[in-house]
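Lettering follows sequence order; numbering is per chain, from 1.
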Amino acid sequence: MTQLLDLGPHAGFILASFGITTVVIAALFGWILADHAALKGKLAELERQGVRRRSGARPSGTPS
Amino acid sequence: MAILDLANPTRFLSLAQRLLPWVSVACVAAFVAGLYLTFFVAPDDYQQGATVKIMYLHVPAAWLSMLCYSTMALSALGTLIWKHPLADVSAKAAAPIGAAFTFVSLITGSLWGKPMWGTYWVWDARLTSVLVLFIMYLGLIALWRTIEDPIRAGKAAAVLTLVGAINLPIIKFSVDWWNTLHQPASVIRMDGPTIHASILWPLSVMALAFTLLFLVMHLMAMRNEILRRRVRTLQLHAASARHGVATPQAAE
Amino acid sequence: MSGWVWALFLRELRLSVRVGGGALIGVLFFLAVITVIPFGVGPDLNLLALIGPAVLWIGALLATLLGLDRLFQADRDDGSLDLMLMAGRPLELLVLVKCAAHWLGTGLPLVIAAPVLSIFLNLEPLAVGAVTLTLLAGTPALTLIGAIGAALTVSLRRGGLLLAVLVIPFSIPVLIFGVSAAGAVTREPAPFLTPFLFLCALSLIALVVGPVASALALRFSSD
């Protein structure tokens, strides 16, 4: 892949910056998804304990 | 009056639920186009060679770090002045994303600086003010994490965000006020961009991709915040109910 | 016997990482101190490279002291410190476990952050390695010595500042050997191993003196 596009003498720096950027964005995205899953789990858990929200009409307010 | 409708968390959640798939697809498409343009279309710089490709990460990340802080400043105004109930949720959700973009902009800048300037870091006006912005982001996240009650934390963070907003013009004009090693602005200028279209186009597409990415992550982080507050109120509610404390709920 | 030790260790770790815990505040303070220094001293990279190790060490010392007043204060406020005292467990071991958890939450992040921050001070790779190694050997001593101060000032209302004043004199030897070992790499004739071994010795001494003295201080402060 690299010889297809000649990244020149400083190829290492270019690939490093693209790599680190991908890692940081992937970590952030992963954390947001994991946080979402954990919160859904807690909500379901509270749901099972029969804890209702004041608006209680619909199940715990999260639209399906 | 769409803005007012957003005030209700449940309506915001349903809107976010509908909006997210479209924005995500647009974001992925923009990234694919941007990366293709960056690697296969954009010409090499006559001096820097291919190293100029780092610009397509560095510049959008820097723009996003400031856009993110501006969103937080706007949300801070929303919390303190317009009392918008979702403003502090938006501010708290944007902080980690802004910190990540600032970190990326600092790292890519440093990796670009090593081959071009010969050093990873120099105490230059632009670099230092962006580092201060990064510390402010971390300070805000720390502040959010130390105050238990979200409403009080929201107000405290809003004040700190507004105080810190003075740093944004300093970053923007640091290259003009001091003679910095970092080059002056070449896109957002009074007399229009000074870059050739062949480089400006990939940069704009990458900037669009980064902005869409911010939108996606911000919406998802806000959704998490709303759920986190729901869990907290439910737990408080359950705890008080279990101890037979007479809460209005129990009175019905 | 080790059942309660492990339980206490995990409790301390969870408390320090949770909302309101002091775990990462130390690193943020460390980053702030390192960022402020060039504003005062000036952006000249050669000068920064010269004073780099000293700045990193002083920053680490201040950051450790900053987080130490939480070591016993939080437990004393909600009464769990008295329970621990009455539990009849060896108090020295209890203090050692709390110090270990505190070091993991506050000291270790400093050591991990040191290489990144030394880029701001323009240290060359060899010096970065030396500073990180000396910090790894030295920060436990700072935490253990600081525990004595924390135990002494636990019953005082604003003990945090007094703690720093009490503890800094005891941490001077650690600072001297730490900085001389870290700086030896750049100044050719100066040996690295000798001060480094002294530093490790100091940490081992603190491993004994710290818990014993803190336990003694806690017993006096309780009754």
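With a 4.5 Å cut-off on non-hydrogen atoms, B:Met55 does not touch chain A at all. Proximity to chain A (any heavy atom under 4.5 Å) is shown, for B:Tyr56, by neither the backbone nor the side chain. Heavy atoms closer than 4.5 Å to chain A are found nowhere in B:Ile226, neither backbone nor side chain.
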For side-chain contact (heavy atoms from CB on, under 4.5 Å), just list the numbers for B:Trp112 and A:Ile14, CA-CA rounded to whole Å, side-chain angles, deciding distance to a tenth of an Å, and then say yes or no. CA-CA 8 Å; B:Trp112 194 4; A:Ile14 303 167; over 6 Å; no

Between A:Ile20 and B:Val104, does the side-chain contact (heavy atoms from CB on, under 4.5 Å) criterion hold? Intermediate values first, please. CA-CA 8 Å; A:Ile20 291 176; B:Val104 163; 5.9 Å; no

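Looking only at side-chain heavy atoms (C-beta outward), A:Leu43 and B:Leu234 come within less than 4.5 Å of each other.
Nearest approach of A:Leu28 to B:Ala100, heavy atoms of both residues: CD2-CB, 3.8 Å. Nearest heavy-atom pair, B:Ile54 versus A:Ser17, reported as atom, atom and distance to 0.1 Å: CG1-OG, 3.6 Å.
Considering B:Arg228, B:Met220, B:Arg223 as possible partners of A:His36, the one that fulfils the side chain to side chain contact (heavy atoms under 4.5 Å, CB included) test is B:Arg223.
Atom-to-atom distance recorded for A:Leu46:CG and B:Arg232:CZ is 13.5 Å, nearest 0.5 angstrom. The NE2 atom of B:His218 sits 9.5 Å away from atom CD1 of A:Ile32, with the distance rounded to the nearest 0.5 Å. To the nearest 0.5 Å, atoms CZ (B:Phe103) and OG1 (A:Thr21) are separated by 9.5 Å.
The 12-atom threshold is exceeded at CZ of A:Phe18, counting heavy atoms of other residues, nucleotides or ligands nearer than 6.0 Å.
When atom types are taken as modelled, the side chain of A:Asp35 and the backbone of B:Asn224 share no donor-acceptor pair closer than 3.5 angstrom.
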